[in-house]
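Just below is one structure, and these are the notes that go with it.
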Amino acid sequence: MSFLKKLFGGGGDSGGGKPAAETTYEGFAITAIPQSDSGQFRLSGTITKEVNGEMKEHRLIRADLFPSADECAEATIRKAKQVIDEQGEKLFL
């Protein structure tokens, strides 16, 4: 049962969802929120932007794991910038 809880988000150590770093890039706001996972940190964060008067948000989660929250936050910012460069506002469709 423990495996199923972790698989579907009902168990495990979520890391509390505390923002570790924030920046803006090309009009988008990026927030890195590393998730604790078995003693490491999973790449996770949000990309937000106001589009037509409405705040849009995209949740960014990847399988990548890092030994520290700081390294994870730096990688999250880099990955978010890459996603923005590739997709722009299409990210919110």
Side-chain angles (χ1 to χ4, degrees):
M1 181 103 147
S2 175
F3 168 76
L4 292 175
K5 283 184 179 180
K6 285 183 180 182
L7 181 64
F8 294 107
D13 185 3
S14 68
K18 298 176 185 171
E22 297 178 280
T23 191
T24 57
Y25 179 73
E26 301 292 329
F28 293 81
I30 302 169
T31 304
I33 309 168
Q35 293 182 345
S36 181
D37 188 339
S38 302
Q40 296 187 47
F41 295 87
R42 183 172 307 283
L43 189 149
S44 176
T46 60
I47 301 171
T48 58
K49 183 175 184 180
E50 186 174 332
V51 179
N52 297 325
E54 181 181 348
M55 286 303 290
K56 299 283 188 170
E57 179 178 277
H58 176 78
R59 183 86 172 137
L60 179 70
I61 300 175
R62 297 292 185 265
D64 309 62
L65 295 173
F66 299 87
S68 75
D70 289 339
E71 286 180 66
C72 185
E74 290 175 16
T76 300
I77 299 295
R78 279 193 312 272
K79 186 62 172 181
K81 287 179 178 181
Q82 179 184 357
V83 169
I84 291 166
D85 288 341
E86 291 173 357
Q87 298 183 33
E89 289 186 6
K90 292 179 186 174
L91 183 63
F92 304 120
L93 297 178

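As the structure is a prediction and not an experimental result, all values here were calculated from the model.
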[atom1]/[X] to [atom2]/[Y] distance, rounded to the nearest 0.5 angstrom?
X: L43; Y: K79; atom1: CG; atom2: NZ; answer: 8.0 Å
X: K56; Y: L93; atom1: NZ; atom2: CG; answer: 8.0 Å
X: S36; Y: K18; atom1: OG; atom2: NZ; answer: 11.0 Å
X: L91; Y: K49; atom1: CG; atom2: NZ; answer: 10.5 Å
X: I47; Y: T76; atom1: CD1; atom2: OG1; answer: 10.0 Å
X: K81; Y: I30; atom1: NZ; atom2: CD1; answer: 6.0 Å

Practice problem: Treat each ILVMFWY residue as a node, draw an edge where side-chain heavy atoms are under 4.5 Å apart, and state whether F66 and L60 are in one component. | Solution: yes
Practice problem: Check whether I84 and I61 end up in the same hydrophobic cluster, where Ile, Leu, Val, Met, Phe, Trp and Tyr are linked by side-chain heavy atoms less than 4.5 Å apart. | Solution: no
Under a 4.5 Å cut-off applied to non-hydrogen side-chain atoms, are [X] and [Y] in contact?
X: F28; Y: E89; answer: yes
X: R59; Y: I33; answer: yes
X: I77; Y: Y25; answer: no

What pair of heavy atoms forms the shortest contact from [X] to [Y], and how long is it?
X: A20; Y: A73; value: CB-CB, 3.9 Å
X: H58; Y: F92; value: N-CE2, 3.8 Å
X: S68; Y: F41; value: C-CD1, 3.5 Å

Quiz item: Short question: side chain of R42, backbone of A63 - any donor-acceptor pair under 3.5 Å?
Solution: yes
